[in-house]
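Data block below; observations after.
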Amino acid sequence: MYSTPKNLRSLADHLAVVLQKNSFTRKQLEQFHAQILAGGLLHSASLLTTFLSSCYRSQQTHYALLFMRNLPICIPSLWNSTVRLSLDSGAWPDFVGLYNGMLRNSVFPSKTGLLDFYGKVGNLRCARKMFAEMLQRDVVADNAMVSALSKHGCLEEARDLFDNMLQRNSASWNSMITCYCKLGDIGTARSMFDANPIKDVVSWNAMIDGYIKANQLLAAQELFVRMGTARNSVTWNTMISGYVQCKEFGKAIATFQEMRVENVKPTEVTMISLLSACAHLGALDLGEWIHDYIRRKRLKIDAVLGNALIDMYSKCGSIKAACDVFDRLPVKNIFCWNSIIAGLGTNGYGGKAIDLFAQMQEEGLKPDGVTFVGLLSGCSHSGLVSAGRRYFSEMHDIYGVTPVIEHYGCMVDLLGRAGLLKEAVELVKTMPVKPNAQVWGSLLRACQIHKDTELSKDVVQNLLDLDPCDGGNYVYLSNLYASLNRWDEVNACRKIMIDRGVHKVPGCSSIELDGLVHEFVAGDSRHLQIMQINLFLDEIAKQLKEHGHESDTALVLHDIEDEEKETAVSYHSERIAVAFGLMSTPPGKTIRVVKNLRTCSDCHSALKIISNVYKREIIVRDRKRFHHFKDGCCSCRDYW
DNA sequence: TTAGGGTTAG
């Protein structure tokens, strides 16, 4: 695969260049290993270090260990750098093997290094022993011990050591601040912060992040404002990611704009948080702009940034772009594989998700619980019942991953949607964990699809018992009665909602146009162009009628005349957004809409016709999956 | 030795 240059010197250089950039499969690493041996390059410590770091980057840490064990010569610096690599990459179990190997070769790691290691792996007993054995302790050793103690929750002991330190640098103060933050004692963290005489930008950033993690966004904002020009890029990144964590995606984007105005250079980390905001909002235009910015500024696309791009593209319905990023990614970790598998699944490509699942293992990566959630839900969305069943049984027996509630949820969904209601119910009854609202919810959805009203009632009752405050459950129940024309019960249900103060989450759809996100709620008249939109909606309704669309009026809550019901349905938020998109964009442009709830079956069949009549591709992301409407068909093949 | 990052079922 890699051609061999003529002389040894250039072979070493050549290997170093190839190894530096990429990540490899186990097989490829074996080939490089063979080339190093055949080329007699074992004396080149720098090449060997590069090779080892490649192993860690490729998550083949055992291979690195094996390589060191079989090395015929002892290079002390190589042992030390391997230890460093294994610490940095979190491959701590390997460390014990490395440590024994070092001792066999009479190489002794530094005591501070060992203390640091024991602290990181949480072996407090050994850390204490090491610390006690050190005759001369400097501030570095003290700080390492403080972090070891605080990691183990021995906060008082850490504080005691800190109070008695002869010398404290800013790292000592900052460790204590982060430690209190991590343990949730934000008040003490703040008093440490206030007492710190050598406050630096790290102290401020640690405190801001502490407030964010404690869900005190206002306090974080206050410090952020007070910092003024002392803010660095980490400060901005902390605030942007904080907004994303608190689901304030719009604010995250606004903060990024401010950051640019203030001329602070965005980093890879900035882009990762922003892409996550785009993924949640379904803001493809901004996401594409960020991808372009990354390319223009030559930011490094590592596994984390790559994953953020993959996730953004698949959550915005551009699965092809997601695959493109995935294929070009030199370094892929389990997150990247999980994202692309889940992305293919929600976009309706269950078969491809299965292919990638196989490929992932060929490349030596072990699937985890998240992988199986994506895989099973992919099988479910594509109706691949037998494959789903097989993976569900194999996940424990072959892959050693114990199924948790999410996996059972996928299976209930898979069986229920496929019409195997009895089996789905059996699974709910026998599963070793208590079924939650989501599990009952997918069973209910299956009842609706397959019109099993008897089972529905039972399921709804379970849902209401479990979560009497979730408005969605009452809507399910109400819709169920409405579909049976039992309007007295519908009204009773509405009354219970009012009495208990339960509200239904309003359906809301958004569409991005020229960098602006337009939001629509059913029956909403706030939009500036609402008059034109309504006229256009009437025009669409006419077209729909001409093309034989009959409104499915079963899903409307109120007991009203049929004609009126039809109007209520034709103005569901996704339709308003699509109408607005159609009238505001040039012919042929793809329309992308994001909806917070599931799209109803009536809108679904209407959108199929609209895509054909107006010759537009329409992509709707609803609460759980994508619908790509094109030429009168949907990618879900009406199975959702 | 101290601060900021990504994937999870209806």
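The figures that follow rest on heavy atoms only: side chains count, while hydrogens, waters and symmetry mates do not. Every chain is numbered from 1 and lettered A, B, ... according to where its sequence line falls, protein lines coming before strand lines.
Note on A/D302: a base of the nucleic acid sits closer than 4.0 angstrom, heavy atoms only. Residue A/A303 is classed as a base contact, given a heavy-atom separation below 4.0 Å to a base.
Candidate nucleotides B/dG10, B/dT2, B/dT7 were compared by shortest atom distance to the side chain of A/D413, and B/dG10 ranks first. Checked against B/dT1, B/dG5, B/dG10, the side chain of A/V140 finds its nearest nucleotide in B/dT1. When distances run from any side-chain atom of A/K213 to the nucleotides B/dT7, B/dG5, B/dT2, the shortest one goes to B/dG5.
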Problem set entry | salt bridge (Lys or Arg N to Asp or Glu O under 4.0 Å) between A/R389 and A/E423, intermediate numbers included | CA-CA 12 Å; A/R389 273 202 179 113; A/E423 253 183 274; 2.5 Å; yes
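With rounding to whole Å, A/I198 atom CD1 is found 15 Å from B/dA3 atom P. Regarding A/E406, its CD atom lies at a distance of 6 Å from the C1' atom of B/dT8, rounded to whole Å. One can place CD1 of A/I177 at 14 Å from C1' of B/dT1, the figure rounded to the nearest angstrom. The separation between A/H407 atom NE2 and B/dG10 atom P is 12 Å, rounded to whole Å. Rounded to whole Å, the distance from CE on A/M134 to C1' on B/dT1 is 12 Å. A straight line from CD1 of A/I208 to C1' of B/dA3 spans 10 Å, rounded to a whole angstrom.
Just one of A/W337, A/Y408, A/F392, A/Y399 meets the ring pair (Phe, Tyr, Trp, His ring centres under 6.0 Å) condition when paired with A/F372; it is A/Y399.
One finds no side-chain N or O of A/Q245 lying less than 4.0 angstrom from the OP1 or OP2 phosphate oxygen of B/dG4. A close approach under 4.0 Å does occur between a side-chain nitrogen or oxygen of A/S241 and OP1 or OP2 of B/dG5. The side chain of A/R417 places an N or O atom within less than 4.0 Å of a non-bridging phosphate oxygen (OP1 or OP2) of B/dG10. For the OP1/OP2 pair of B/dT8 and a distance below 4.0 Å, the side-chain nitrogens and oxygens of A/K315 include at least one atom meeting the criterion.
A/D209 and A/T238 share no side-chain donor-acceptor pair at under 3.5 Å.
Both cation-pi conditions hold for A/K332 and A/F326: the charged atom is under 6.0 angstrom from the six-membered ring centre and inside a 45 degree cone around its axis.
Within a heavy-atom distance below 4.0 Å of DNA chain B, the residues of residues 227-235 of chain A found are A/N232, A/V234.
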